[in-house]
Protein chains: 2
Amino acid sequence: MAYAKSGWTALADATRRTIFERLVDHPSSVSGLARALPVSRPAVSQHLRVLKDAGLVVDAPAGKQRIYRVDPAGLAALRAELDVFWSKTMAAYKTAIEQPPEEPK
Amino acid sequence: MAYAKSGWTALADATRRTIFERLVDHPSSVSGLARALPVSRPAVSQHLRVLKDAGLVVDAPAGKQRIYRVDPAGLAALRAELDVFWSKTMAAYKTAIEQPPEEPK
DNA sequence: CTTACGCGTTAGCGATGGCTTACGCGAAGA
DNA sequence: TCTTCGCGTAAGCCATCGCTAACGCGTAAG
């Protein structure tokens, strides 16, 4: 409810992941991204809006252009969430190995 | 053509993330999950199929039931992918701080 | 001022996705 | 055996999503 759009949702689309991966390598402008992708410029704009709403990228006007870059905070949030999954899973795995319920393989 | 989609796509849906979070805490059966969620049992089955195709969960028959648990391998793959984003982003940030291009007031 | 460029936004369309209802199959329990 | 329980799957409906085309606004250059 209070959540905007989750970062998971933002990175769900393949095109959007490609855009994000390019921004991870180096910041760039909207038309710069559009020129390297098989979609139109407005499509890139819409994808960037989703990524921005999810807190994964930030934008800054630079003359006529508008430069987008990755927001470390949003990326860190995703990483933290995934780390919780990871640590819980590992904990469950450890106890499962120490106490095999029935059938040792 | 709905072959093994990315883990990102699998975790995009909110309901599916909830299912995955429950499995992270403890393995459970299909109807067990359905009882705790506001969706029907077939819906849970379909979600579990997506998670399974993405390599995030594994299933094992247990009598009449079928127990689903998190697959550490799939989770590790996602973690690795995210870590690449993270390290690249941090590297770009470090160089940006060490070499500020300009400082317009 | 006029022109050109870069972006964001909207409307509309086709495709994708999640959900329910209704079915069929296999594994316990009586 | 037959009956019940737990699951998976197919069909169909409806919402959402990604895309393009067209428009309007602000900035830089002529």
Side-chain angles (χ1 to χ4, degrees), chain A residues 1 3-23 26-69 71 101-103, chain B residues 1-23 26-69 102 104-105:
Chain A
M1 327 256 289
Y3 297 108
K5 275 289 190 174
S6 169
W8 300 106
T9 307
L11 290 180
D13 181 64
T15 301
R16 214 146 50 211
R17 269 201 307 278
T18 304
I19 292 178
F20 186 75
E21 289 176 13
R22 287 189 72 92
L23 291 182
H26 46 76
S28 54
S29 65
V30 178
S31 48
L33 289 167
R35 233 174 283 122
L37 292 175
V39 296
S40 68
R41 181 191 54 77
V44 175
S45 259
Q46 293 168 357
H47 283 306
L48 286 171
R49 171 155 177 72
V50 175
L51 290 171
K52 183 181 173 184
D53 286 346
L56 288 175
V57 302
V58 291
D59 61 327
K64 280 196 292 189
Q65 303 200 118
R66 194 166 196 88
I67 303 301
Y68 284 81
R69 34 177 71 81
D71 185 358
E102 197 83 1
E103 194 182 39
Chain B
M1 345 246 175
Y3 276 123
K5 295 206 168 181
S6 166
W8 300 106
T9 306
L11 291 180
D13 182 64
T15 303
R16 214 147 49 213
R17 269 201 307 278
T18 304
I19 292 178
F20 186 74
E21 288 174 15
R22 286 190 73 92
L23 291 181
H26 47 75
S28 47
S29 64
V30 178
S31 49
L33 290 167
R35 232 173 285 122
L37 293 175
V39 295
S40 68
R41 182 191 54 76
V44 175
S45 259
Q46 294 167 358
H47 282 308
L48 286 171
R49 171 153 179 73
V50 174
L51 290 171
K52 184 180 173 185
D53 285 346
L56 288 175
V57 302
V58 290
D59 60 327
K64 280 195 291 189
Q65 304 199 117
R66 193 164 198 88
I67 303 301
Y68 283 81
R69 32 178 70 81
E102 260 175 48
K105 43 180 180 306

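On a predicted model such as this, the values are computed, not experimentally measured, just so you know. Here is the naming used below: chain letters follow the sequence lines, and residue numbers restart at 1 for every chain. As a basis for the values below, the full set of heavy atoms in this structure was taken, side chains included, without hydrogen atoms, waters or symmetry mates.
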Out of A:Ile67, A:Val58, A:Asp59, which residue meets the side chain to side chain contact (heavy atoms under 4.5 Å, CB included) rule with A:Pro27?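 Exactly one candidate clears the test, A:Ile67.
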Name the one of B:Val57, B:Val30, B:Val39, B:Leu48 that satisfies side chain to side chain contact (heavy atoms under 4.5 Å, CB included) with B:Ile19? B:Leu48
Pairwise distance [atom1]([X]) to [atom2]([Y]) - rounded to 0.5 angstrom:
| X | Y | atom1 | atom2 | value |
| --- | --- | --- | --- | --- |
| B:Asp13 | B:Leu51 | CG | CG | 9.5 Å |
| A:Ser29 | A:Arg35 | OG | CZ | 6.0 Å |
| B:Ser28 | B:Gln65 | OG | CD | 9.5 Å |
| B:Leu56 | B:Phe20 | CG | CZ | 5.0 Å |
| A:Thr18 | A:His47 | OG1 | NE2 | 9.0 Å |

Could you state the [atom1]-[atom2] distance from [X] to [N], rounded to the nearest angstrom?
| X | N | atom1 | atom2 | value |
| --- | --- | --- | --- | --- |
| B:Lys64 | C:dA28 | NZ | C1' | 5 Å |
| B:Asp59 | D:dT9 | CG | P | 10 Å |
| B:Leu11 | C:dG17 | CG | C1' | 16 Å |
| A:Ile67 | C:dG8 | CD1 | P | 11 Å |
| B:Ile19 | D:dC7 | CD1 | P | 13 Å |
| B:Leu37 | C:dG18 | CG | P | 15 Å |
| B:Arg66 | C:dA28 | CZ | C1' | 16 Å |
| B:Lys52 | D:dG8 | NZ | C1' | 10 Å |

Please write out each protein N/O paired with an N/O of nucleotides 19-22 of chain C under 3.5 Å, distance rounded to 0.1 Å.
from	atom 1	to	atom 2	distance (Å)
C:dC19	OP1	B:Thr15	OG1	3.2
C:dC19	OP2	B:His47	NE2	2.2
C:dT20	OP2	B:Ser40	N	2.7
C:dT20	OP2	B:Ser40	OG	2.7
C:dT20	O4	B:Gln46	NE2	3.0

I'd like to check B:Leu11 versus A:Leu11 (side-chain heavy atoms, cut-off strictly below 4.5 Å). Are they in contact? no
Non-hydrogen side-chain atoms of B:Val50 and B:Thr9 separated by less than 4.5 Å: no
Return no unless some side-chain N or O of [X] is found under 4.0 Å from OP1 or OP2 of [N].
| X | N | result |
| --- | --- | --- |
| B:Ser45 | D:dG8 | yes |
| B:Ser31 | D:dC7 | yes |
| A:Tyr68 | C:dG6 | no |
| B:Arg49 | D:dG8 | no |

Is it the case that the side chain of A:Arg16 and the backbone of A:Ala10 share a donor-acceptor pair, with hydrogens and angles ignored and the cut-off at 3.5 Å?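 Pair found, side chain donor or acceptor close to backbone of A:Ala10.
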Any sub-3.5 Å donor-acceptor pair from B:Arg17's side-chain atoms to B:Ala12's backbone N or O? yes
Dot-bracket encoding per residue of DNA chain D, Watson-Crick/G-U cut-off under 3.5 Å, | denoting interstrand: ||||||||||||||||||||||||||||||
Closest-nucleotide ordering on DNA chain C, the 5'-leading residue of A:Ser29 and B:Val50: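 Mapping each residue to its closest nucleotide by heavy atoms, the 5'-most match is A:Ser29.
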Using a cut-off of 6.0 Å, state whether more than 12 heavy atoms not belonging to B:Arg49 lie near its atom CZ.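 Atom CZ in B:Arg49 is not crowded, with 12 or fewer foreign heavy atoms closer than 6.0 Å.
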Between protein and nucleic acid, restricted to nucleotides 12-16 of chain D and to nitrogen or oxygen atoms under 3.5 Å apart, what atom pairs and distances do you find?
none

